[in-house]
J.: 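Mind having a look at this structure? Questions to follow.
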There are 2 protein chains.
Amino acid sequence: MEGIGHDYEFLENMLAKKNLKVTPQRLQILALIGQFGHLDIDELYAKITKDYPYISLATIYKNISIMVENDILNEIKIAQEKTKYELSTNAHAHFICTNCKKIEDLNIDVNCILEGFDKGSVAYVNIQIYGTCNACQTKK
Amino acid sequence: MEGIGHDYEFLENMLAKKNLKVTPQRLQILALIGQFGHLDIDELYAKITKDYPYISLATIYKNISIMVENDILNEIKIAQEKTKYELSTNAHAHFICTNCKKIEDLNIDVNCILEGFDKGSVAYVNIQIYGTCNACQTKK
DNA sequence: CTTCATGCAAAAAATTTGCATTTTG
DNA sequence: CAAAATGCAAATTTTTTGCATGAAG
């Protein structure tokens with residue numbers, strides 16, 4: 001529930017359910033994103049090459065792309081920063097500290113926003129709160 | 001108030017207030033974004049070169065960047081699509097139709113989300129609702 | 001007349017593609 | 001085995017930079 005440390009069986013299932021082949025590269029990608037919560041392509045590449053030095057950047061791009069299409073990963077685009085990815089099983093609202101760049105997950109109830117919404121059918125709501133985190137504020 | 005057709009004096013003021021020089025290129029950029037609501041770099045370049053064929057893409061990049069830093073423009077990053085820009089005077093929540101890609105502005109009260117928020121001080125709240133718009137739904 | 005913006009070309013960064021080889025189901 | 005994934009190198013796309021020239025305050 002904290003998004004940390006899913007076992008491999010769980011990750012294999014995410015792939016199998018979508019008829020995607022289970023490869024060590026894919027499991028590694030999912031395991032790292034699961035462990036760290038949100039990673040961008042470069043962070044992922046840096047971490048993954050530590051355990052798996054021969055993975056290709058192209059493979060990471062291809063897999064991120066196919067997993068986003070299959071709703072296994074969720075793309076988080078952040079103003080002024082690189083796109084990050086999280087497991088869609090723990091899709092959250094996010095608080096982004098514009099000072100230290102830390103991202104915190106928020107459990108926000110979106111219903112108050114959707115009340116009376118009539119522009120169409122809703123698939124997904126993305127909420128990002130930008131500001132200065134408590135730690136950064138006390139430092140100043 | 002509808003973000004359409006600001007006069008040049010208004011746009012000049014946005015720049016002057018930030019001590020940015022008023023140039024025809026900058027006014028053109030702001031006028032087009034004001035008129036269309038949200039544009040990405042390529043859309044902007046395509047539109048701007050119609051009236052102003054010799055503007056350089058580098059100039060657009062430099063200006064977008066400096067205007068975002070100065071809070072004149074607001075960056076809207078959208079999953080699976082190119083980053084768009086709007087005048088920050090009409091920053092909105094957005095409904096994005098994943099079918100026809102249309103972006104609709106929403107006037108949403110964010111207070112219900114911020115109630116009890118205690119992770120830090122809030123500068124800006126970004127809300128994006130993804131789904132299928134009414135027009136696309138009836139077509140199917 | 002000083003500071004800043006523009007435009008060009010070149011460089012750098014980010015992403016995508018084709019294809020031979022290997023792995024998975 | 002057939003279908004799909006990998007890894008490499010090359011191609012493409014996107015964004016940034018340096019610098020000479022021109023415009024704004």
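Since the model is a prediction, treat every value here as computed from it, not as a measurement. Letters go in sequence order (proteins before strands), and every chain restarts at 1.
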J.: Using a heavy-atom cut-off of under 4.0 Å over every strand shown, decide if A/Thr23 touches base, sugar-phosphate, or nothing.
T.: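 Sugar-phosphate only.
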J.: In whole Å, what is the span from the NZ atom of B/Lys18 to the P atom of D/dG25?
T.: 17 Å
J.: Taking for each residue the nucleotide of DNA chain D bearing the nearest heavy atom, is the 5' side occupied by B/Thr83 or by B/Lys62?
T.: B/Thr83
J.: Could you check how far CD1 of B/Ile60 sits from P of C/dA5, rounded to whole Å?
T.: 16 Å
J.: Please pick, from C/dT6, D/dA5, D/dA23, the nucleotide with the shortest atom-to-atom distance to any side-chain atom of A/Lys21.
T.: D/dA5
J.: If we ignore hydrogens and angles and just use 3.5 Å, is the side chain of B/Thr49 paired with the main-chain N or O of B/Tyr45 as donor and acceptor?
T.: yes
J.: Let me know the distance between CG of A/Asn13 and C1' of C/dG25, rounded to the nearest Å.
T.: 15 Å
J.: Pick base, sugar-phosphate or nothing for A/Ile55, based on heavy-atom distances below 4.0 Å to the nucleic acid.
T.: sugar-phosphate
J.: Is there a donor-acceptor pair under 3.5 Å between the side chain of B/Ser121 and the backbone N or O of A/Gly131?
T.: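 No, because the side chain of B/Ser121 does not come within donor-acceptor range (under 3.5 Å) of the backbone of A/Gly131.
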J.: Without decimals, in angstroms, what is the distance between B/Tyr54 OH and C/dC8 C1'?
T.: 15 Å
J.: Compare the minimum distances between each of C/dG7, C/dT17, D/dT6 and the side chain of A/Ala58, then state the nucleotide with the smallest one.
T.: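 When the side chain of A/Ala58 is considered, C/dT17 is the closest of C/dG7, C/dT17, D/dT6.
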J.: Kindly say if A/Lys82 contacts the phosphate of C/dA14, meaning a side-chain N or O under 4.0 Å from OP1 or OP2.
T.: yes
J.: If the cut-off is 4.0 Å, is B/Thr59 near the phosphate of C/dA5, judged by side-chain N/O to OP1 or OP2?
T.: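 Checking C/dA5 against B/Thr59, no side-chain N or O comes under 4.0 Å of OP1 or OP2.
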J.: Please report the distance, rounded to the nearest Å, between CG in B/Leu15 and C1' in C/dA5.
T.: 12 Å
J.: Tell me whether the side-chain N/O atoms of B/Gln25 come closer than 4.0 Å to OP1 or OP2 in D/dA23.
T.: no
J.: Write down the distance between CE (A/Met67) and P (D/dA4), rounded to a whole number of angstrom.
T.: 16 Å
J.: Is the distance from OP1 or OP2 of D/dA4 to the nearest side-chain N or O of A/Asn19 less than 4.0 Å?
T.: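 The answer is no; no side-chain N or O of A/Asn19 sits under 4.0 Å from OP1 or OP2.
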J.: Looking only at the side chain of A/Arg26 (C-beta and beyond, no hydrogens), which of the listed nucleotides C/dT15, D/dT6, C/dG7 gets closest?
T.: D/dT6
J.: Report the residue (B/Ser56 or A/Pro24) whose heavy-atom-nearest nucleotide on DNA chain C is the more 5′ of the two.
T.: B/Ser56
J.: Atom OH of B/Tyr45 and atom C1' of C/dT6: how far apart are they, to the nearest Å?
T.: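 Nearest whole value for this atom pair: 13 Å.
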J.: Is the ring pair A/Phe10/A/His6 parallel, tilted or perpendicular, if the boundaries are 30 and 60 degrees?
T.: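 The rings of A/Phe10 and A/His6 lie parallel, inter-plane angle below 30°.
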J.: On the nucleotide C/dT15, are OP1 or OP2 found under 4.0 Å from the side-chain N or O atoms that A/Tyr61 carries?
T.: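 The answer is yes; a side-chain N or O of A/Tyr61 sits under 4.0 Å from OP1 or OP2.
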J.: Suppose we call two aromatic rings close when their centres sit under 6.0 Å apart. Are B/Tyr130 and B/Phe95 close by that rule?
T.: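 No: the rings miss the under 6.0 Å criterion.
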J.: Do we see a donor-acceptor contact under 3.5 Å between the side chains of A/Asp105 and A/His38?
T.: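 The answer is yes; a qualifying pair exists.
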J.: In whole angstrom, give the distance that lies between atom CG of A/Leu57 and atom P of D/dA5.
T.: 19 Å
J.: When you measure from the SG of B/Cys112 to the SG of A/Cys112, is the result less than 2.5 Å?
T.: yes
J.: What's the closest nucleotide to the side chain of A/Val22 if the choices are D/dA5, C/dT6, C/dG25?
T.: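 The closest nucleotide is C/dG25.
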